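What follows is a set of notes on a single structure, which appears directly below.
Per chain, numbering begins at 1; letters A, B, ... match sequence-line order. Quick caveat: nothing in here was measured; it's all calculated off a predicted structure.
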Number of protein chains: 2
Amino acid sequence: MDPHLLRSFVAVVERGSFSAAAQALGYTQSAVSQHIAALEADLGTPLLRRRPVGPTEAGERLMEHARPLLLRLEAARADLARLTRVRPARLTLACAPAALTPALADALAGLRRAAPGLAVEVRVLGRDEAVRAVLTGAADLALVTGAAAPSDPLPLPDAGPMTTRAAAEEPLAVLLPASHPLAGRPALRLTDLADARWIDAPDTAVPLAELRAAARSDGFEAQVTYGGTDLRGLGMLVAAGHGLAALAPGVAEGLAGTVAVRVSAPRLVHRTEIVHPRDPDEPVRALVAALTG
Amino acid sequence: MDPHLLRSFVAVVERGSFSAAAQALGYTQSAVSQHIAALEADLGTPLLRRRPVGPTEAGERLMEHARPLLLRLEAARADLARLTRVRPARLTLACAPAALTPALADALAGLRRAAPGLAVEVRVLGRDEAVRAVLTGAADLALVTGAAAPSDPLPLPDAGPMTTRAAAEEPLAVLLPASHPLAGRPALRLTDLADARWIDAPDTAVPLAELRAAARSDGFEAQVTYGGTDLRGLGMLVAAGHGLAALAPGVAEGLAGTVAVRVSAPRLVHRTEIVHPRDPDEPVRALVAALTG
DNA sequence: CTAAATTACGACAGTCGTAAATATC
DNA sequence: GATATTTACGACTGTCGTAATTTAG
């Protein structure tokens, strides 16, 4: 189970082709074929069906291990690299769409006043991507969001040591089309909407799986899935009646044709959490202080 | 970062010696020396101080990654092996000391009545060891214990997909010497004992780090550390006044010279959790049903 | 028949063990 | 000076690419 072999395996599954994977990894297709053969011989079971190329049951299972494994390998390398590198005068922030609030903008402004030479890069990413960016050293700090019971932490992928800290807890809200029968209500119960049509927008709003878990309820089935990290686009779909989404009330304002209604029960919050390496640079510490102070 | 190299690195750190590590792994010292040199060259930084042998700062950091990485590698292999193996007529149960209760004994009795040919093996292990046993296929089922807020899950190492489920929640109790001033109380507040002398018995009672986290409090400093998984021995130490320990009230009975007093605040429970692979065999399902039904 | 994966095979790199050298307590 | 790690070196295994072969649509 050499990491190189796992990398090839993942690439083949992702692309559905030996040749495409080989090209992406800079190998010949022959080499990739040998990699898969070596893995299958090592594990004693076929991992891929050929023509069309796809994972077997064992292959599916291996994929669930291979990705976190490769991520942690990257994270370990980045972690050691952080110990020796010279700190560049740049702060990279991986930010969930709903975490990009006036409070964050103000905190960044304060930071830039305090450190005029500091270059700041903000990247809007989904939760796993954001955590991954911190772990691999691509970002210095991440702000991720989700729904949880009050003061409960968000479920984050555990691929290495990192520090997490609550930045904000707001009421949870449901984004409805302005024409929705419940749009005028001051508040609503989430369970009343379990059988409604929802949009699963895991990188933009609260992932539906998390909503189900937090509400300890079934339902919340997705009719439509929305990729990417653009809130406005999600608002368009909600306004057009494709389904509902769970959000923080603040970020839901200004989405034309929609109304955000607070969730009164079960008692859930929209939580923003800070994720950073255990040994943050000074600008990171300052920003964290500004966001939690 | 070949896993073989990481394995050698971990072995050297654990044993504090290249030669001892080589012997344990079936290599020559020379090979292990080359492994470490290769790792250090790859990561571009020294990982070990020599004479005496010990990890550098970067080495400490690498250790935090290497162990979970190797565990997940084992877990992946075991996971795939489970898909193809023939199920043996044997159930191996990895069990925390405090999980070995009359309820468990009864459930096992019921299982053996229902499946007379089934061999049962019970191994008493600490939490991480128990989870590790399930992940690597050494055990079919684990019962782990700890302290948490009511209905909160225990913090378990995340090294692969597994199913966890609450088996029991009892009040949390503190084990005191019979002569302790608080021994007669019907209940006590944990925070009153934050500055008491504690014994850290992570594999036998509630780990102190977990107690601190659950109580959201500092304190609970260990004067004495107790390894192993024998409750009676821990009782001896408590009775002799070496310190206190947190436990479930049921398991604390019959420890001579000690008294268990219930914790009334903060609201915490002693929780027993079931851990098993996602695709449990029939006897495992039956036992889980008996324990949660 | 064509696109794509596998197999055969030679060149090369990497890893092991033996043994000599070197460093530390 | 004894013990332990490192280095040198030869043997061997494993992995890559090229190219021929097989297979499935």
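- A:Arg278 and B:Glu60 are not joined by a salt bridge, as no carboxylate oxygen comes within less than 4.0 angstrom of a charged side-chain nitrogen.
- A:Arg49 places its CZ atom 15 Å from the C1' atom of D:dG25, with the value rounded to the nearest Å.
- Computed from coordinates, the A:Asp42 CG to D:dG14 P distance equals 12 Å when rounded to whole Å.
- With ring centers used as reference points, B:His242 lies 6.0 Å or more from B:Tyr226.
- With rounding to whole Å, B:Arg7 atom CZ is found 16 Å from C:dT15 atom C1'.
- Few gaps surround CE on A:Met162; more than 12 heavy atoms of other groups in view lie less than 6.0 Å from it.
- The environment of A:Glu57 atom CD is sparse: at most 12 non-hydrogen atoms of other residues, nucleotides or ligands sit within 6.0 angstrom.
- Rounded to an integer number of Å, the gap from A:Glu40 CD to C:dT7 P is 10 Å.
- Taking only side-chain nitrogens and oxygens, A:Ser19 never comes nearer than 4.0 Å to OP1 or OP2 of C:dA4.
- For the pair B:Asp2 CG and D:dG14 P, the interatomic distance rounds to 13 Å; values are reported in whole Å.
- One atom, CG of A:Leu39, and another, P of D:dT15, lie 11 Å apart when rounded to the nearest Å.
- Between the CD1 atom of B:Ile36 and the P atom of D:dA4 there is a distance of 17 Å, rounded to whole Å.
- In this model, the phosphate group of C:dT6 is approached by a side-chain N or O of A:Arg50 to a distance below 4.0 Å at OP1 or OP2.
- Rounding to whole angstrom units, CD of residue A:Gln29 and C1' of C:dT7 are separated by 13 Å.
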N/O contacts under 3.5 Å, protein versus nucleotides 16-23 of chain D?
{"from": "D:dC16", "atom 1": "OP1", "to": "A:His35", "atom 2": "NE2", "distance (Å)": "2.8"}
{"from": "D:dC16", "atom 1": "OP2", "to": "A:His35", "atom 2": "NE2", "distance (Å)": "3.0"}
{"from": "D:dG17", "atom 1": "OP2", "to": "A:Thr28", "atom 2": "N", "distance (Å)": "3.3"}
{"from": "D:dG17", "atom 1": "OP2", "to": "A:Thr28", "atom 2": "OG1", "distance (Å)": "2.9"}
{"from": "D:dG17", "atom 1": "O6", "to": "A:Gln34", "atom 2": "NE2", "distance (Å)": "3.4"}
{"from": "D:dT18", "atom 1": "O4", "to": "A:Ser30", "atom 2": "OG", "distance (Å)": "3.0"}
{"from": "D:dT23", "atom 1": "O2", "to": "A:Arg51", "atom 2": "NH1", "distance (Å)": "3.3"}
{"from": "D:dT23", "atom 1": "O2", "to": "A:Arg51", "atom 2": "NH2", "distance (Å)": "2.9"}

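- Ion pairing between a basic and an acidic side chain is recognised when a charged N comes within 4.0 Å of a carboxylate O; A:Glu74 and A:Arg77 show no such pairing.
- Results of the side chain to side chain contact (heavy atoms under 4.5 Å, CB included) test with A:Ile274 over A:Leu141, A:Val134, A:Thr164 single out A:Leu141 as the only residue that passes.
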